[in-house]
Student: 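Below you'll find the structure I mean.
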Amino acid sequence: MGRGRMGHDEPGRAAPGESSSGIPATVLENVFDDPAHGEPGRDRLAVHVVWEILLLVALAVATWLLWQEAPDTLRGDGLRDLLGDVVVLGLLTLAAGLSLRAATVNLAIGPVAVAAALHMAEQSDRGVAAAIGPTAALAAIVGLALALAVVVLHVPAWAAGLAVAAGVIVWIEQRATAVVPQGTYDPERDALPLFAGFAAVAVLGGVFGAVRAVRRLLGRFRPVADPARRRGAVAALVAVCALVGSTVLAMLAGLLLGSADAGPVAPETGLDWTVLAVGTSLLAGTSAYGRRGGVFGTLLAVSLVTIALAYTDARGWTVDRWALGAVALGLGLGVTRLVEAYGRPGGAREPHPVSDGRISTGWTVSRPDTPAAWPPALPDQSAEEPVDPWDVARWESGPRRRDGDDR
C-alpha cells in the first residue's frame, strides 16, 4: 500500500513546512503566539492597559484616604517604613509573577522567605554579605530541586511547590520561639533606592514581557492540550530558570524581613505570604494560566495592597495577611478571567473543518440539495406476495367441503 493512503491513518504527520493543522509554518510563526500548537492570532494587550488604569485610580483613592487618616505615614520615617513594606511584598510578588508567567506557580515562596528571615536574624551579626551568600546558595539549591521535580517528572508545579513548602516548614518549626535579629543593618536607610530598584525591575520585566518573542518564550511551559504532555527542552529550561529565580527573589524578601528594624522573627509557616503574593500578582493582571501579563500592573498592585494594609492599621481595624490575601486572590481570579477572555488573540481565526456528512466529523450531517417528495413513494410490491401465516384457512381442522358435497 502506498504512503499516500497511509497519510489518513497518521493524524500526527504533517507535510514539510506545515503544522498538524495544515497551516504553513511561516504563517504560524508570524501570526500565532504559540506556533507549535496553534492558538490563532497574537495576544491583545488592551485589556491590561484598561485594567492598569483602574489600578492607578484605585491607588490614588487609597493614597488619598490614607493621607486623610494618617498623613504622617506618607512622609519622613513613616514613608520610608511604607516603602520598605512595598519592597518586601514587591519581591515576593515578583517571585510569584515570574513563576506564574512561566505557568509554574511556586507556592513555596512564603516559607522560603520566612526561613531566610530566620537565618538572617541569626547570622546577621557576622555581616550582611556573610549572611546573604550561604542563604542565596541554599535558596538556589531548593529552587533547583523544585524545578527538577517539575520538569523531570513533569508534575504540576503547585503540587511540587507544596511538597517543598512542607519541607521548609519542618525546618522552620525546629525553632520554638521568635529570633531577635543579631545584626545592625537597617534597610529603612536605603528604602528609596530599594524601592527604585524594585520599581525598575517590575516595569522593565513587564516591558520585556510585552514583547511577543519574550512572552512566547516565557509561556512555553503553558499547556495547550493535555497538561501531562511534555512541552519540550526549551520549555523545561525556561521552567527551571523561573522556579530558581522565584525562589531566590523570595529569599531576598526574607533577608529584609530578618533585618534589625523588623523586630523578632516569629517561626511561622509563611503560607500567608504565599497567598498574599500570588493574589497580588493575579491582581496585577498576570494570568493564572501563564504567559499573559501587563506592564505596570505589578508596581501598581503591590503599592495598592500595601497602602490598603497601612490604611486598615491607621483605622485600627484588625486585618491580617490571610484576610488581605484572600481578598486579593479572589479579585485576582476574576482578573484572570478577564485577561483570558479579552486578551485572547483577535487577528486570525481557526479554519472551520469541512464536513463530509459523516457522524465522526461532528454533529452536522449532510443535507440533500433538493427536498424529497412527500409523502414518500411506496416500495414496489413483489410479484409473489408472502404467505400470510395467520390465514384462517391454514388453521382449519378437518377436510374442507365443497358446495356440491352437501346433499
Student: Where the side chain of Arg230 meets the backbone of Val151, is there a donor-acceptor pair that is under 3.5 Å apart?
Tutor: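 At least one qualifying donor-acceptor pair exists.
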Student: Would you mind checking if Glu340 and Arg291 are paired as a salt bridge, meaning a charged N to carboxylate O distance below 4.0 Å?
Tutor: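 Glu340 and Arg291: not salt-bridged.
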Student: Do the side chain of Arg215 and the main chain of Ala210 share a donor and acceptor less than 3.5 angstrom apart?
Tutor: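 Answer holds: yes.
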Student: When rounded to the nearest 0.5 angstrom, what is the spacing between CG in Leu252 and OG1 in Thr247?
Tutor: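 Leu252 atom CG to Thr247 atom OG1 measures 11.0 Å (nearest 0.5 Å).
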Student: Do Thr73 side-chain atoms and Ala70 backbone N/O form a donor-acceptor pair below 3.5 Å?
Tutor: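 It does hold such a pair.
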Student: Establish, yes or no, whether a centroid distance under 6.0 Å links the rings of His48 and Tyr342.
Tutor: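 No - the distance between ring centres of His48 and Tyr342 does not fall below the 6.0 Å cut-off.
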Student: Using modelled atom types only, decide if a donor and an acceptor are shared between the side chain of Gln182 and the backbone of Val180 within a distance under 3.5 Å.
Tutor: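 Judged by distance alone, yes, a pair lies under 3.5 Å.
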Student: Do side-chain atoms of His119 reach the backbone of Ile132 as a donor and acceptor pair under 3.5 angstrom?
Tutor: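 Here the side-chain-to-backbone pair does not exist.
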Student: So, does Arg231 use its side chain to make a donor-acceptor pair with the main chain of Arg222 at under 3.5 Å?
Tutor: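 It does hold such a pair.
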Student: Give the minimum heavy-atom separation between Val265 and Ala121, together with the two atoms involved.
Tutor: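 For Val265 versus Ala121, the nearest heavy atoms are CG2-CB, 4.1 Å.
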Student: Has Thr63 got a side-chain atom pairing as donor or acceptor with Leu59's backbone, closer than 3.5 angstrom?
Tutor: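 The answer is yes, because a donor-acceptor pair under 3.5 Å joins these two groups.
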Student: Is there a donor-acceptor pair under 3.5 Å between the side chain of Ser246 and the backbone N or O of Ala242?
Tutor: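 It does hold such a pair.
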Student: Is there a side-chain contact between Pro111 and Leu271 in this structure, where contact means two heavy atoms from C-beta onward sitting under 4.5 Å apart?
Tutor: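 A side-chain contact under 4.5 Å exists here.
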Student: To the nearest 0.5 Å, what is the distance between OH (Tyr311) and CG (Leu66)?
Tutor: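 With rounding to 0.5 Å, OH (Tyr311) is 8.5 Å from CG (Leu66).
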Student: How many angstroms lie between atom CG of Leu218 and atom CZ of Phe208, to the nearest 0.5 angstrom?
Tutor: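 If we round to the nearest 0.5 Å, Leu218:CG and Phe208:CZ are 11.5 Å apart.
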Student: Given side chains that start at C-beta, do those of Leu74 and Leu82 come closer than 4.5 Å, heavy atoms only?
Tutor: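 The answer is yes; the side chains approach within 4.5 Å.
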Student: Less than 4.5 Å apart, side chain to side chain, heavy atoms only: is that true for Met120 and Thr135?
Tutor: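 Side-chain contact under 4.5 Å: no.
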Student: Which atom names give the shortest non-hydrogen contact between Ala147 and Val240, and what distance separates them?
Tutor: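 Between these two residues, the closest heavy atoms are CB-CA, 3.7 Å.
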Student: Among residues at least two apart in sequence or on other chains, which ones pass salt bridge (Lys or Arg N to Asp or Glu O under 4.0 Å) with Asp72?
Tutor: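 Partners of Asp72 under the salt bridge (Lys or Arg N to Asp or Glu O under 4.0 Å) test: Arg75.
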Student: Would you name the heavy atoms of Val150 and Ala160 that are closest together and state the gap between them?
Tutor: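 Looking at all heavy atoms of both residues, the closest pair is CG2-CB, 3.8 Å.
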Student: So that I can tick it off, tell me whether Arg175 and Glu268 are bridged by a salt bridge, with the cut-off set at under 4.0 angstrom between side-chain N and carboxylate O.
Tutor: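 Looking at Arg175 together with Glu268, the answer is no, because their closest N to O distance does not fall below 4.0 Å.
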Student: Identify the heavy atoms of Ser281 and Gly97 that sit nearest to each other, and give their distance.
Tutor: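 Looks like OG-CA, 3.2 Å.
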Student: Considering only heavy atoms from C-beta outward, does the side chain of Leu83 approach that of Leu192 to under 4.5 Å?
Tutor: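 A side-chain contact exists here, since the closest heavy-atom pair is under 4.5 Å.
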Student: Determine whether a donor-acceptor pair (N or O, by modelled atom type, separation under 3.5 Å) exists between the side chain of Trp51 and the backbone of Leu283.
Tutor: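 Yes; judged by distance alone, with no hydrogens or angles, the pair exists.
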Student: Would you find a donor on one side and an acceptor on the other, under 3.5 Å apart, between the side chain of Thr274 and the backbone of Leu107?
Tutor: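 Indeed, once roles are kept as given, a pair shorter than 3.5 Å links the two residues.
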Student: For Leu299 and Phe195, run side-chain contact (heavy atoms from CB on, under 4.5 Å): C-alpha distance rounded to whole Å, both residues' side-chain angles, the deciding distance at 0.1 Å, then the answer.
Tutor: CA-CA 10 Å; Leu299 177 60; Phe195 173 77; 4.3 Å; yes
Student: Set out, in order, the CA-CA distance, both residues' side-chain angles and the distance that settles side-chain contact (heavy atoms from CB on, under 4.5 Å) for Phe198 and Leu194, then state yes or no.
Tutor: CA-CA 6 Å; Phe198 154 69; Leu194 289 174; over 6 Å; no
Student: Distance check, rounded to the nearest 0.5 Å: Trp273 atom CH2 versus Leu257 atom CG?
Tutor: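 One finds 5.5 Å between CH2 of Trp273 and CG of Leu257.
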Student: What closest approach, in Å, do Ala178 and Pro264 show between heavy atoms, and which atom pair accounts for it?
Tutor: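 For Ala178 and Pro264, the tightest heavy-atom pair comes out as CB-CB, 3.9 Å.
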Student: With heavy-atom distances below 4.5 Å as the criterion, would you say the side chains of Leu92 and Leu249 are in contact?
Tutor: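 Side-chain contact under 4.5 Å: no.
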Student: As an exercise, state the distance from CG of Leu309 to CG of Leu304, rounded to the nearest 0.5 Å.
Tutor: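 CG of Leu304 is found 11.0 Å from CG of Leu309.
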Student: Within the structure provided, determine whether Leu282 and Thr336 are in side-chain contact (heavy-atom separation under 4.5 Å).
Tutor: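 With C-beta onward as the side chain, the pair touches.
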Student: Taking the side chain as everything from C-beta on, heavy atoms only, tell me whether Thr93 gets closer than 4.5 Å to Leu276.
Tutor: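 A side-chain contact under 4.5 Å is absent here.
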Student: Looking at every non-hydrogen atom in both residues, tell me the closest pair between Thr104 and Ala239 and how far apart they are.
Tutor: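 For Thr104 versus Ala239, the nearest heavy atoms are CG2-CB, 3.9 Å.
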Student: Give the C-alpha distance, both sets of side-chain angles, the deciding distance and a yes or no for side-chain contact (heavy atoms from CB on, under 4.5 Å) between Leu91 and Leu256.
Tutor: CA-CA 10 Å; Leu91 289 173; Leu256 296 178; 4.1 Å; yes
Student: If you apply the rule side-chain contact (heavy atoms from CB on, under 4.5 Å), what do you find for Leu255 with Met251, and how did you get there?
Tutor: CA-CA 6 Å; Leu255 294 181; Met251 178 273 304; 3.6 Å; yes
Student: Taking atom CZ of Phe296 as the centre, does the number of heavy atoms from other residues, nucleotides or ligands within less than 6.0 Å exceed 12?
Tutor: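 No, the 6.0 Å shell around CZ holds no more than 12 heavy atoms from other groups.
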Student: Please examine the side chains of Leu89 and Val305, heavy atoms only from C-beta on, and report whether any two atoms are closer than 4.5 Å.
Tutor: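 Yes. Closest side-chain heavy atoms under 4.5 Å.
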Student: Can you tell me if Asn106 and Ser99 form a side-chain donor-acceptor pair at under 3.5 Å?
Tutor: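 Per modelled atom types, Asn106 and Ser99 side chains form no pair under 3.5 Å.
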Student: Rounded to the nearest 0.5 Å, what separation is found between the CG atom of Leu300 and the OG1 atom of Thr280?
Tutor: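 Taking CG in Leu300 and OG1 in Thr280, the distance rounds to 12.5 Å.
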Student: Using the test salt bridge (Lys or Arg N to Asp or Glu O under 4.0 Å), find all partners of Glu188 that sit at least two apart in sequence or belong to another chain.
Tutor: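 None.
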